[in-house]
Number of protein chains: 2
Amino acid sequence: MVRDNMKRSKTERQRLLKEKIEETPFITDEQLADFFSVSIQTIRLDRMELSIPELRERIKYVATNHWNETVKALPLEEVIGEVIDLELDKRAISILDIHSDLVFSRNKIARGHHLFAQANSLAVAVINDELALTAKADIKFTRQVKEGERVIAKANVEGNEKGLTIVKVNSFVGSEKVFAGTFHMYRSNEEKGEDNHEISN
Amino acid sequence: MVRDNMKRSKTERQRLLKEKIEETPFITDEQLADFFSVSIQTIRLDRMELSIPELRERIKYVATNHWNETVKALPLEEVIGEVIDLELDKRAISILDIHSDLVFSRNKIARGHHLFAQANSLAVAVINDELALTAKADIKFTRQVKEGERVIAKANVEGNEKGLTIVKVNSFVGSEKVFAGTFHMYRSNEEKGEDNHEISN
DNA sequence: TTACTATTAGTACCAAGTCATAACTATTAA
DNA sequence: TTAATAGTTATGACTTGGTACTAATAGTAA
């Protein structure tokens, strides 16, 4: 007989535990114990049996993976823009130099999707969440951008609407606006506390 | 007087310390102390002064933030899908295979701007004019697309509005719609000659 | 001398674990 | 009924990689 209302079987709990940790790997045993209404020790036994490493190892794992990737992806340079300022869930700025690969060969005008890609990737980057996807976007190309110009995209998080985070991105060449977009971003778990790391230079 | 052979000034050490940590953020104070031949305490004082956080925080930082910048150096180039059917100023169809370069490494979901790029370039291609540019677009990502899937984009020219040509593009994986967009295309001279080149295979 | 900087040492404490051992609870078989 | 068993909880000692604080020492400058 099942002893408790909440508590399913051990196997069931372990299944859910695995899921939970995959979803939110930055969770301590204590939080997990709370969540499943069992003791910390039980959680630890479960982790043993499932060979799920401890929190720090999990964080490290995530970190090293992406570290390797960024190292690999480092010679990306200006492809979708270089982030020069980022405060999560608030604002972000990136620069994209329009070099010859990004323009139509005939008229040297930048192909629209590069401006979109810059803005869209900035909208993704500004979201303080593990999963951020564009659900919807409303965009306008207000001026043609030519080879050699430098596009500065500025993203601002404008709040929420129906579970989606609204990010407005405006891109400029000098003082002229060349692109404006409103991105409706899907995110997995709403925001993440006060731990906003800020980079700025 | 410089007290030691190896040891440069404090400021010099701190400069190098900063570099070292940026290079290899997964380094403990102990290893750093070894490396600079000073005590652990000195390293800690240095970190304080430079406000460099402790190892775990650094790891966490990399883990939570850096993945966003997985802005990969994919040569977005011309590979925005293969046009398989085109009747100018009427309709067009293209295929895009979602290979590993087009997805977020984390979750294998296709990055939005690729779907946009496919649709947008198709909208450009379908216009029977020497100059075709996207002035405005209204787009919706209706389903996530995963690695390995094949996206078929279908563009239809819907007529004119305020001098802009309206092109609707719908993209599918199998029978499921994954993307919908209305593109307002600017064109230089609205020409509609009967000389429509048609390709089809 | 006195003051100050840079460095080193040592202590107490913390978070988030590890490992090992023991004990309690509920069900199940002899 | 008793004993065995699985599952869970408790307890304590130890580990890493730190923080925070205090104190001591060496060398240099006013």
Side-chain angles (χ1 to χ4, degrees), chain A residues 1-65 67 130 192-198, chain B residues 1-66:
Chain A
M1 192 68 71
V2 176
R3 192 167 63 83
D4 199 314
N5 48 345
M6 284 300 294
K7 292 174 198 165
R8 294 288 178 277
S9 70
K10 182 182 175 182
T11 27
E12 174 68 358
R13 186 191 56 233
Q14 293 195 340
R15 197 178 59 73
L16 294 170
L17 181 74
K18 203 176 163 184
E19 270 178 28
K20 184 79 184 169
I21 291 179
E22 267 163 24
E23 263 169 44
T24 56
F26 293 20
I27 190 170
T28 63
D29 287 355
E30 198 174 11
Q31 291 172 298
L32 287 166
D34 259 26
F35 185 82
F36 289 103
S37 314
V38 294
S39 71
I40 279 195
Q41 287 76 4
T42 302
I43 294 295
R44 285 175 180 164
L45 283 174
D46 285 349
R47 277 201 298 101
M48 296 286 159
E49 286 176 31
L50 300 169
S51 28
I52 295 170
E54 62 165 291
L55 173 68
R56 290 146 180 154
E57 291 308 311
R58 295 194 308 261
I59 295 178
K60 207 186 244 172
Y61 175 80
V62 172
T64 44
N65 268 5
W67 183 252
E130 305 197 359
K192 279 205 165 162
E194 209 59 24
D195 61 330
N196 42 5
H197 314 282
E198 185 175 342
Chain B
M1 190 69 72
V2 175
R3 194 166 62 85
D4 199 313
N5 46 346
M6 285 300 293
K7 293 175 202 167
R8 292 290 178 274
S9 69
K10 182 184 175 182
T11 29
E12 175 69 357
R13 187 191 57 234
Q14 293 194 340
R15 197 178 61 73
L16 293 170
L17 181 74
K18 202 176 165 186
E19 270 178 28
K20 185 79 183 171
I21 291 179
E22 266 161 26
E23 263 169 45
T24 56
F26 293 19
I27 191 169
T28 63
D29 286 355
E30 198 174 10
Q31 292 172 296
L32 287 165
D34 261 26
F35 185 82
F36 289 104
S37 314
V38 294
S39 72
I40 270 198
Q41 288 75 5
T42 303
I43 295 295
R44 286 177 179 163
L45 283 173
D46 284 349
R47 275 201 300 100
M48 296 287 158
E49 286 177 31
L50 300 169
S51 29
I52 295 171
E54 62 165 292
L55 174 67
R56 290 150 184 146
E57 290 308 311
R58 294 194 307 259
I59 294 177
K60 207 186 248 173
Y61 175 82
V62 171
T64 50
N65 284 336
H66 249 82

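Chain letters run A, B, ... following the sequence lines, proteins first, then strands; residues in each count from 1.
Ile43(A) is listed as a side-chain neighbour of Val38(A), based on a closest heavy-atom distance under 4.5 Å.
A close approach under 4.0 Å does not occur between any side-chain nitrogen or oxygen of Thr28(A) and OP1 or OP2 of dA16(C). Side-chain N/O atoms of Arg13(B) include none lying less than 4.0 angstrom from OP1 or OP2 on dA6(C).
With rounding to whole Å, Glu57(A) atom CD is found 13 Å from dT16(D) atom P. Counting to the nearest Å, the C1' atom of dA20(D) and the CZ atom of Arg47(B) are 13 Å from each other. To the nearest angstrom, P of dT18(C) lies 5 Å from CD of Glu54(A). Rounded to whole angstrom, the span from the CD1 atom of Ile40(B) across to the P atom of dT8(C) amounts to 11 Å. Look at CD1 on Ile43(B): it is 15 Å from P on dG17(D), rounded to the nearest Å. Here dT19(D) presents its P atom at 6 Å from CZ of Arg44(B), a figure rounded to the nearest Å. Atom P of nucleotide dC19(C) and atom CD of Glu49(A) are separated by 14 Å, given to the nearest angstrom. Between the CG atom of Leu45(A) and the P atom of dA22(C) there is a distance of 16 Å, given to the nearest Å.
Nearest nucleotide to the side chain of Thr42(A), out of dG17(C), dT9(D), dT18(C): dT9(D). With dT9(D), dC19(C), dG18(D) as the choices, the nucleotide that has an atom nearest any side-chain atom of Val38(A) turns out to be dT9(D). When each of dA6(C), dG18(D), dA9(C) is scored by its nearest atom to the side-chain atoms of Lys10(B), the top-ranked nucleotide is dA6(C).
To the nearest 0.5 angstrom, Leu17(B) atom CG is 12.5 Å from Thr11(B) atom OG1. Between the CD1 atom of Ile59(B) and the CD atom of Glu54(B) there is a distance of 9.5 Å, given to the nearest 0.5 Å.
Without hydrogens or angle criteria, Arg58(B) side chain to Ile52(B) main chain gives no donor-acceptor distance under 3.5 Å. Of the possible donor and acceptor atoms, one in the side chain of Gln31(A) sits under 3.5 Å from a partner among the backbone N and O of Thr28(A).
Residues Arg56(B) and Gln41(B) both approach DNA chain D. Their nearest nucleotides, taken by heavy-atom distance, put Arg56(B) toward the 5′ side.
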